[in-house]
Every structure is written in C-alpha cells, then in structure tokens.
*Asks:* 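Structure in structure tokens, see below.
As the structure lists them, so they are numbered: ligands from 1, and atoms in each ligand from 1.
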Amino acid sequence: MRDHYCRPISIASINPQTFPDVSLYTKSSGNYVLYKPHDRKFTDMDRMRLEQNFVEFLYVRTGDMEEVTRFLETGLSEILNRHDMDVRTKGQILYQTTVNYVIDVFENPEEAAKLDRCRNLVKYLLHYLCSDPTSLNALHSVADHNYYIFVHSLQVAALSLLVHDEVYGLTPDELTDVGIGGLLHDLGMVFISNSILEKPDALSDVEYYKIKQHAQRGYECLKEIGGFSEISLLAVRHHHERFDGDGYPSALKGDAIPRTAQVMAICDVYSALTADRIHRKAVSHERALEVMRTEMPGAFNPELLARFVEIITARKSTEK
Ligand SMILES: [Fe+2]
Ligand SMILES: [Fe+2]
C-alpha cells in the first residue's frame with residue numbers, strides 16, 4: 001500500500017532557517033537517494049535548484065517524522081499568517097501536514113485518540129479553505145499516487161467542509177466534527193489486507209464483501225477509542241449508503257441517511273473519480289460530474305448533488 005521507509009515532504013514546507021536537521025532523500029526510479037545528510041543545512045540554493053528541476057518533494061525517513069511533524073504542526077499558525085508566502089505554498093504545507101496526520105493514524109489507529117491534534121488541523125483547514133477561493137488547487141500536488149488513500153481522506157474532508165459551510169449554517173464545532181469524519185472516513189481500510197486493496201483486477205464477491213466492511217469497522221474502531229462526536233462517527237459508518245437504499249452497511253434510504261454521510265458520499269465518489277487509481281486513470285472534473293449525474297442514478301441525494309456541482313464548479317473556475 002505504501003512505502004514504510006520514507007515519507008514525502010513538499011519542498012515548500014522546508015524552510016531553510018527553521019527546518020529540523022534531518023537527512024533528506026530524493027526518489028529516483030523507485031529508490032531513495034540521499035540528498036543531504038542530517039548535519040548539512042538545507043539552503044535557499046538547494047530549494048532553488050530543486051524547483052528549477054521541477055522537484056516538488058523530498059523524502060524524510062519515517063524515524064525522523066516525529067520531529068518533522070512537531071515542527072510543522074507547531075509552526076502552522078505562523079506559516080498561515082505569513083504575508084511573504086503565497087496562498088498555494090501555504091496550502092501545500094497545510095495539506096502536507098494534514099496528510100501526515102492521516103498517515104500516522106492509518107499506521108497506528110490509536111493515534112486517533114489524540115483528538116486535539118486532529119481538531120487543530122481541521123480548524124486550520126477550514127480557515128484556509130474559507131479564506132481563499134483558489135484554496136483547492138494545491139490539493140493535487142500533495143503527494144504521489146502511492147499515497148492515494150491519505151490524500152483522498154484530506155480531499156473528502158476539504159470538500160465536505162466546503163459543502164457543509166455553504167449549504168448548512170453549522171457552528172464551528174459542528175464543522176470541525178465534519179472535517180474529522182472526513183479525514184477518518186476510510187480508516188477501516190487498515191483492517192483490509194493489502195492484497196485486496198492493491199489488486200488491479202476485478203474483485204471476487206468475497207473480496208468485495210471484505211472491502212465493504214471498512215465503513216462499519218472504521219466506525220467501531222473510533223467508537224472504541226472514544227471522544228468522537230455522533231457527526232463524525234455516523235459520517236464514517238454511513239458514507240457508502242446510497243440515497244435509493246442500495247448502499248452499505250445499513251441499506252439506509254433517503255433522509256434516513258445522516259446528512260453528513262449524504263454529503264460525504266458525494267465528495268467521496270468525486271475524489272475517487274478524479275484521482276489516478278491502480279485499475280484506472282483519473283477523469284477530469286467535468287467528466288466526474290457527468291458520471292455522477294448521469295451514470296449513477298439513485299446513488300445520491302439529487303438536491304445535494306446539484307449544490308455540490310454548483311459549489312465545486314464555482315471553485316474550479318476561480319482556479320484558472
Ligand atoms: Fe469508503
Ligand atoms: Fe473514501
């Protein structure tokens with residue numbers, strides 16, 4: 001599913017003055033190559049050279065990630081308030097930091113017990129999304145496709161936050177719970193074996209049955225850890241219900257499906273369609289919306305889907 005050896009860090013988040021002294025690697029034909037040892041400083045010159053070569057990421061060994069994560073998370077509010085940094089760079093750093101959080105929880109679900117960590121990141125995310133109409137456009141460059149599930153989690157959180165913010169008058173706390181549900185909606189995938197998740201061919205009925213368990217298992221895992229709101233928990237459990245009642249795990253129909261799960265179902269499919277997967281290539285924004293509107297009858301709440309299309313299209317058109 002992913003490489004346990006190194007984690008990608010966007011160059012944008014490596015501030016030469018303050019970044020911790022850790023070794024950095026580049027990736028070349030699938031191998032990690034030392035770019036700088038821990039006792040050499042990363043300089044502005046390094047950054048310039050890498051950017052000229054269109055390198056967007058360096059890699060950090062997982063053993064060094066704790067230090068890097070601490071650095072990034074404590075520095076986030078300062079970074080987001082900086083005036084000398086453009087909105088795209090800020091977005092890259094924030095997205096990167098949030099994806100790192102999701103990776104941590106997927107590697108060790110107990111990490112989800114540190115709810116404050118998640119809550120803080122979601123608050124920054126919400127603030128960032130609302131502060132700039134072009135804020136979605138840094139999302140695609142967060143990491144390579146080996147990290148699909150983590151970037152997907154962030155994407156579903158970001159899209160769900162935007163839709164909830166525009167469609168319903170939620171309090172900041174409720175919005176935070178929506179974001180937490182989005183970040184963790186597929187956590188149950190950690191209980192599914194990699195041989196099924198990475199299988200390029202069609203799944204057998206048994207394999208599909210196992211995959212479908214991720215919604216319920218993610219819910220049970222978070223419920224057991226404790227501290228999560230109903231909004232977050234129900235979003236995780238029901239994000240694969242279909243509006244016509246043909247979904248799982250509970251085959252709920254129409255408005256019996258919790259509202260946040262109805263929104264998340266839409267964001268989930270949109271995010272999956274617009275990403276490269278093992279078995280198929282990404283489709284464009286326009287094609288994804290067309291597929292959802294015309295080729296998936298009964299899957300979604302039609303009014304919500306119409307609002308989603310409106311909101312996301314408005315955002316996309318400001319990106320260009
Ligand atoms: Fe899912
Ligand atoms: Fe998902």
*Asks:* First locate atom CG of Asp64, then atom CZ of Phe71, and finally report the distance between them rounded to the nearest 0.5 Å.
*Replies:* 14.0 Å
*Asks:* Sorted by first residue and then second, give each salt bridge (charged side-chain N to carboxylate O under 4.0 Å, His left out) pair with at least one member in residues 149-173; sequence neighbours left out.
*Replies:* none
*Asks:* Counting only heavy atoms from other residues, nucleotides and ligands, does the tally under 6.0 Å from NZ of Lys210 exceed 12?
*Replies:* no
*Asks:* Which protein atoms of type N, O or S are found under 2.8 Å from the Fe ion (ligand 1)?
*Replies:* Asp186 OD1, His214 NE2, His239 NE2, His240 NE2
*Asks:* What's the spacing between Leu58 CG and Leu50 CG if we round to 0.5 Å?
*Replies:* 5.5 Å
*Asks:* Which word best sums up how the rings of Tyr148 and His152 line up, parallel for under 30°, tilted for 30 to 60°, or perpendicular for over 60°?
*Replies:* parallel
*Asks:* Give the ring-plane orientation class for Phe308 versus Tyr270, where under 30° counts as parallel, over 60° as perpendicular and anything between as tilted.
*Replies:* perpendicular
